[in-house]
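Here is the naming used below: chain letters follow the sequence lines, and residue numbers restart at 1 for every chain.
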There are 2 protein chains.
Amino acid sequence: MAKKKITIGDIAKALGVSKTTVSFVLNGKARKIQISQELEKRVLDYIQQVGYIPNQYAQGLRSGKTRIIGMLVEDISDSFFSAIARQIEEKAYKMGYKIVYSSTENNTEKAKEMLEVYKNSRVDGYIIAPPPAIENEINELIKDGFPVVLFDRTLPGLYTDNIIVDNFNSVYEAMTHFVSNGFKNIAFITLSSDQVQMLERERGYLQTMSEIGAPYIIKRIKYHDDKLHSIQEIETFLTSHRHIDAVFFATNYIAENGLEAIRNLKLTIPDDLGVIVFDDNNMFRLFSPSITAISQPINEIASNSISLILDKLTNKLASHDQSVNIILKNTLVIRESSQKKQRTK
Amino acid sequence: MAKKKITIGDIAKALGVSKTTVSFVLNGKARKIQISQELEKRVLDYIQQVGYIPNQYAQGLRSGKTRIIGMLVEDISDSFFSAIARQIEEKAYKMGYKIVYSSTENNTEKAKEMLEVYKNSRVDGYIIAPPPAIENEINELIKDGFPVVLFDRTLPGLYTDNIIVDNFNSVYEAMTHFVSNGFKNIAFITLSSDQVQMLERERGYLQTMSEIGAPYIIKRIKYHDDKLHSIQEIETFLTSHRHIDAVFFATNYIAENGLEAIRNLKLTIPDDLGVIVFDDNNMFRLFSPSITAISQPINEIASNSISLILDKLTNKLASHDQSVNIILKNTLVIRESSQKKQRTK
DNA sequence: AATATTTCCTAAATCGGTTTAGGTTTATTA
DNA sequence: TAATAAACCTAAACCGATTTAGGAAATATT
């Protein structure tokens, strides 16, 4: 089974034709360059028979193409991103592409570094969940003709393909659900960030609150390597705002720490405090009480991203030839943590 | 900033030397081949100045090396594997290596396919959580001189580097903890699998049970794409074994479904049923009651794997020249789900 | 002074493909 | 019949590095 590397030259020799011919057949250009059907078939059959596979580095060297897609996520160990990576990987492999990925930690510098690495590695295209202030670098890529697909967030003023979710409406829907369950003093705990997706979520909150004429209670916390820090910040906030009867956590990082804060304060969900989280987690349905969450359409995000990229790659359309903007719908998964009335027992 | 691809030839021309000289300097072989310090410095300085980076595909083509490590995990969206991937990725990049990864679903056929893909991509080395019956393919790799590091499980009769955890002792410790908290009729729910790591965990269970003279209660369930199926299987098992007072879940897949089964049956943890899970999860400390778990040393697993591989790669030792076997210790994180007595409130 | 060593550097082959610019035949047209 | 076009195929350049084999100049040896 351990096949010795067979080259295009070997094939040419074996069939008594030129490398050129074999190459053209391999690349489906037989028609174009007028190679007889008979020869084409002979080559194809032989290739099939010996199980020839081109050396990708020779191809890469000559054509500049590598069949590698570079992916930049915020954190590959985050369940949202790893789930997406998983699906993208699978489809990519099926189409003969490989994925190299890397975690930016939403850190602009790290992201820039990784883009450099990718560029030097001559990846063919990019799937990126962009950190802030990376517009210029991404514009460079686009100008250089590389396919780029952004997901999870957009960068304002950047003419790329985007796959995002309907942050505003899904938060609005969740908030409305809160309200119809009798919650009114609803706090919105978010990351201090001016990334679009976060602002949109906030806008959904503001909209609801202003509609019901309730005051805004917004707490912004900074991302901190030390979770304890974030947890305490939330605890302090909650204890100093006793009138709050529900809280919306705007990201899963916040939610994890927020839930721990609630636990530390021995508050009862949802009687003392209703809870809804942006971004669902496998485990939320197992909590007692189970946690209501906005679930993002991971499958669709992944499949749209990868097919967009592959499209651009195979059609050889440069990124700036067109630009697709896909906004996907989230699902509100209603569980116990947001329903004061119907709680069993 | 968009540097035009500058080649080794450009450098040679600019400095009025030969490509050969530049190449030798670049590869640190200046000394060996007797290039004057002065010229070496001149080349180095110039390279620095123009920010030259070699074309990896030319290098790959010529040298057969790609600075890519192929990684095979069971499921990149599983928190255990994604956490490890994250760390490995980070260290690899720092050393100038890229990681391409892929999920096997513990499926032998899929793993074989991916190994083929990796081979064709000429990856330099392999980090693998091996599925069953993949011995031959891995032996091939080793015979071909590729560095291979196995983690999470071993394959019996395979002379590779392994990074594993002390499955037996950590389960034994967890079981002992159960016993000292008054649990006795302890069930062991596991995957039907004869992979070493699973058998070792089972051995830890058996050892404890035989020491306390209690009968074995083992339930094996098959991995099923449909979680509901697994959940029901566990429900049925639990309802037909009412005398069980505690249960050990041998993997996180089982645990997730097992916890849901317990929830569906409205059993109270730990009063009706003590629970310990193999493999910790971020969320377990937030459960009510919180879930006791055996936590694997993710950092150590990752750092050992990557440094072993890099070692082999840079020392150019073939895999069969030596073989390292590292067994790491797990930590039992004791929480509420396994403590009948001390439970607060 | 003649020869042998070192020291320092380079020409050219090579890796395995892709692609440009043709070169033969054979068929068609004038 | 000669000129033109079409059909079919290939030689050789090229991508950008690494590495072998060896050349010229400086130094050491006899």
Side-chain angles (χ1 to χ4, degrees), chain A residues 3-44 46-47 50-68 96 119-122 124 316, chain B residues 3-44 46-47 50-68 96 119-122 124 316:
Chain A
K3 50 188 73 105
K4 277 308 109 196
K5 51 204 171 162
I6 150 165
T7 77
I8 204 171
D10 298 336
I11 294 173
K13 203 171 298 169
L15 293 176
V17 299
S18 74
K19 292 200 302 175
T20 314
T21 303
V22 178
S23 173
F24 278 126
V25 170
L26 274 166
N27 293 292
K29 293 177 185 165
R31 269 292 70 84
K32 210 169 101 195
I33 212 76
Q34 313 267 46
I35 284 174
S36 64
Q37 299 234 17
E38 182 260 327
L39 214 202
E40 181 176 14
K41 182 159 185 330
R42 210 150 60 83
V43 173
L44 252 19
Y46 185 77
I47 282 164
V50 298
Y52 164 78
I53 291 156
N55 178 316
Q56 308 208 357
Y57 295 91
Q59 289 184 316
L61 173 57
R62 174 65 221 214
S63 62
K65 297 295 159 215
T66 59
R67 297 186 87 79
I68 293 182
K119 256 163 78 175
N120 297 331
S121 306
R122 270 77 170 177
D124 288 352
K316 285 175 179 164
Chain B
K3 51 188 74 106
K4 277 308 107 193
K5 52 206 171 160
I6 150 165
T7 77
I8 204 171
D10 298 336
I11 294 173
K13 204 171 297 170
L15 293 176
V17 299
S18 73
K19 293 198 303 175
T20 314
T21 304
V22 179
S23 174
F24 279 126
V25 170
L26 274 166
N27 293 292
K29 292 178 186 163
R31 269 291 72 82
K32 209 169 101 195
I33 213 76
Q34 313 269 45
I35 284 175
S36 64
Q37 299 232 16
E38 182 259 328
L39 214 202
E40 181 177 14
K41 183 162 184 327
R42 211 150 58 84
V43 174
L44 252 18
Y46 185 77
I47 281 165
V50 297
Y52 164 78
I53 290 155
N55 179 317
Q56 308 207 358
Y57 295 90
Q59 289 183 316
L61 173 58
R62 175 63 221 215
S63 61
K65 296 295 159 215
T66 60
R67 296 186 87 79
I68 293 182
K119 256 163 79 177
N120 296 331
S121 305
R122 270 76 171 174
D124 288 352
K316 286 175 178 163

Could you give the [atom1]-to-[atom2] distance, from [X] to [N], as a whole number of Å?
X     : N      : atom1 : atom2 : result
B:R67 : D:dA17 : CZ    : P     : 15 Å
A:K41 : D:dC8  : NZ    : P     : 17 Å
B:I11 : C:dT10 : CD1   : P     : 14 Å

Show me, pair by pair, the donor-acceptor contacts under 3.5 angstrom made by side chains of residues 14-21 of chain A, not counting sequence neighbours?
from	atom 1	to	atom 2	distance (Å)
A:S18	OG	A:T20	N	3.3
A:S18	OG	A:T21	N	3.2
A:S18	OG	A:T21	OG1	3.1

(request) Of all the heavy-atom pairs spanning B:I35 and B:F24, show the shortest one and how long it is. (result) CD1-CB, 4.1 Å
(request) Measure across B:L61 and A:Y57 and return the closest heavy-atom pair with its distance rounded to 0.1 Å. (result)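 Heavy atoms only, the tightest pair is N-CB, 3.8 Å.
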Between the protein and nucleotides 5-7 of chain C, list every N/O to N/O distance that falls short of 3.5 Å.
from	atom 1	to	atom 2	distance (Å)
C:dT7	OP2	B:Q34	NE2	3.2

(request) Would you please name every residue forming a side-chain hydrogen bond (donor to acceptor under 3.5 Å, both in side chains) with A:D124, sequence neighbours left out? (result)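 Partners of A:D124 by the side-chain hydrogen bond (donor to acceptor under 3.5 Å, both in side chains) criterion, ordered by chain and then number, come out as A:T66.
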(message) Please enumerate all residues that pass side-chain hydrogen bond (donor to acceptor under 3.5 Å, both in side chains) together with A:K13, with sequence neighbours excluded.
(response)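 Listed in chain order: nothing, the list is empty.
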(request) To the nearest 0.5 angstrom, please state how far the CD1 atom of B:I8 sits from the CD atom of B:Q59. (result) 8.5 Å
(request) Drop me the distance from B:I6's CD1 to B:N55's CG, to the nearest 0.5 angstrom. (result)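 One gets 13.0 Å once the value is rounded to the nearest 0.5 Å.
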(request) Assign a letter to each nucleotide of nucleotides 11-17 of chain C from its 5' end: B, base within under 4.0 Å of a protein heavy atom; S, sugar-phosphate only; -, no contact. (result) BBBBBBB
(request) Go through the structure and list residues passing side-chain contact (heavy atoms from CB on, under 4.5 Å) with B:T7, not counting sequence neighbours. (result) B:D10
(request) Would you please confirm or rule out a distance under 4.0 Å between OP1 or OP2 of D:dC9 and any side-chain N or O of A:T21? (result) no
(request) Answer yes or no: does a side-chain N or O of B:K29 lie under 4.0 Å from OP1 or OP2 of D:dT18? (result)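 For B:K29, the contact criterion (side-chain N or O under 4.0 Å from OP1 or OP2 of D:dT18) is not met.
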(message) Could you work out how much the helix from C:dA1-D:dT30 to C:dA30-D:dT1 bends, comparing the axis of its first five pairs with that of its last five, to 10°?
(response)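 Rounded value for the end-axis angle: 60°.
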